[in-house]
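To start, the structure under review is shown below, and the notes come after it.
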Amino acid sequence: MLRLLGYDTHYSQTMEPAALAEIAEREDRIILTRGETRLRFPHAPKLFSVKSEDPAEQLREVVEAFSLDPRSGIWTRCTVCNGEIAPVAKESIESLVKPKVFELYDQFFRCAGCGQVYWQGSHVERILKNLSGILGREL
């Protein structure tokens, strides 16, 4: 969900704490986790332990704790790989989307990292409504 808001994130469920701490230090990142942070990450300089087990509440905790602006970078990061998303010519993605999508939409965006194609379909309004409800403010 942080990627939806445009925040640069590195995510791994399987990475060992030491490797994650190394990446966080090298790239000046904050480790977001649950539980006893200092036991698992004794040398990590920047840690934040979310309290909730609910992903929506976790997002709210992080946004509030770091005073993040959920509007500033919305729709600028790929939710798959974290790459940056940029507008592309419609013709360049014709073979990458279903014919109906190509016919219905004129604006398309593509991830510079993995090539994922995005467009502002009806799902965008639904996602914005959900995020607004989670964060308690209009996006």
Side-chain angles (χ1 to χ4, degrees):
M1 286 191 274
L2 285 170
R3 288 179 182 171
L4 281 173
L5 299 179
Y7 288 94
D8 180 13
T9 62
H10 182 93
Y11 176 75
S12 175
Q13 288 184 312
T14 59
M15 189 175 291
E16 293 295 321
L20 190 57
E22 181 182 314
I23 290 171
E25 186 171 348
R26 183 177 64 241
E27 297 179 9
D28 194 30
R29 293 181 179 272
I30 299 166
I31 296 174
L32 302 176
T33 189
R34 284 196 23 81
E36 290 296 319
T37 57
R38 289 292 165 201
L39 294 177
R40 289 185 300 153
F41 302 101
H43 304 294
K46 297 179 184 177
L47 292 166
F48 182 75
S49 181
V50 293
K51 292 171 183 51
S52 179
E53 291 185 21
D54 176 61
E57 179 59 33
Q58 289 174 348
L59 178 64
R60 190 171 25 255
E61 283 181 55
V62 171
V63 167
E64 290 174 6
F66 295 99
S67 300
L68 301 181
D69 178 359
R71 295 178 191 98
S72 66
I74 198 161
W75 309 118
T76 58
R77 290 261 169 207
C78 178
T79 57
V80 176
C81 79
N82 191 48
E84 293 183 4
I85 296 171
V88 293
K90 181 176 180 174
E91 299 74 30
S92 71
I93 54 82
E94 184 172 9
S95 65
L96 303 174
V97 298
K98 294 181 179 179
K100 189 71 171 172
V101 169
F102 187 79
E103 179 186 321
L104 287 174
Y105 300 98
D106 292 320
Q107 287 188 316
F108 291 89
F109 306 83
R110 192 157 189 204
C111 174
C114 69
Q116 177 74 28
V117 177
Y118 295 89
W119 59 94
Q120 292 187 346
S122 59
H123 62 285
V124 169
E125 188 175 318
R126 190 172 52 255
I127 291 168
L128 286 173
K129 183 178 178 181
N130 287 341
L131 286 171
S132 294
I134 290 168
L135 299 173
R137 59 182 104 163
E138 194 68 31
L139 294 183

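One hydrophobic cluster holds both F41 and I23 under the rule that ILVMFWY side chains link at heavy-atom gaps under 4.5 Å. In terms of hydrophobic clustering, with Ile, Leu, Val, Met, Phe, Trp and Tyr side chains grouped at heavy-atom distances under 4.5 Å, I74 and W119 are assigned to different clusters.
A donor-acceptor pair under 3.5 Å links the side-chain atoms of K90 to the main chain of Y105, judged by distance alone. With hydrogens and angles disregarded, a donor-acceptor distance shorter than 3.5 Å links the side chain of S49 to the backbone of G35. Put simply, the side chain of E61 gets close to the backbone of K51: a donor and an acceptor are under 3.5 Å apart. A donor-acceptor pair under 3.5 Å is formed between the side chain of S132 and the backbone N or O of R137. Checking side-chain atoms of R110 against main-chain N and O of V117 turns up no donor-acceptor pair under 3.5 Å.
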Please output the side-chain donor-acceptor pairs of residues 12-21 that fall under 3.5 Å, not counting sequence neighbours, one pair per line with the distance.
{"residue": "S12", "atom": "OG", "partner": "T14", "partner atom": "N", "Å": "3.3"}
{"residue": "S12", "atom": "OG", "partner": "M15", "partner atom": "N", "Å": "3.0"}
{"residue": "Q13", "atom": "NE2", "partner": "Y11", "partner atom": "OH", "Å": "3.2"}

Please output the side-chain donor-acceptor pairs of residues 77-88 that fall under 3.5 Å, not counting sequence neighbours, one pair per line with the distance.
{"residue": "R77", "atom": "NH1", "partner": "N82", "partner atom": "O", "Å": "2.7"}
{"residue": "T79", "atom": "OG1", "partner": "Y118", "partner atom": "OH", "Å": "3.4"}
{"residue": "N82", "atom": "OD1", "partner": "T9", "partner atom": "N", "Å": "3.0"}
{"residue": "N82", "atom": "ND2", "partner": "D8", "partner atom": "OD1", "Å": "2.5"}
{"residue": "N82", "atom": "ND2", "partner": "T9", "partner atom": "O", "Å": "2.9"}

Pair M1-I134, side chain to side chain contact (heavy atoms under 4.5 Å, CB included): steps then yes or no = CA-CA 11 Å; M1 286 191 274; I134 290 168; 4.1 Å; yes
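Around atom NE2 of H123, more than 12 heavy atoms belonging to other residues, nucleotides or ligands sit under 6.0 Å away. No more than 12 heavy-atom neighbours from other residues, nucleotides or ligands sit within 6.0 angstrom of CD on E53. Around atom CD of E25, no more than 12 heavy atoms belonging to other residues, nucleotides or ligands sit under 6.0 Å away.
With a 4.5 Å cut-off on side-chain heavy atoms, D28 and K46 count as touching. In this structure, the side chains of I30 and F66 come closer than 4.5 Å at one or more pairs of heavy atoms. Side-chain contact between L4 and W75 is present, with heavy atoms from C-beta onward closer than 4.5 Å.
Closest non-hydrogen pair, P70 versus L5, comes out as O-CD2, 3.5 Å.
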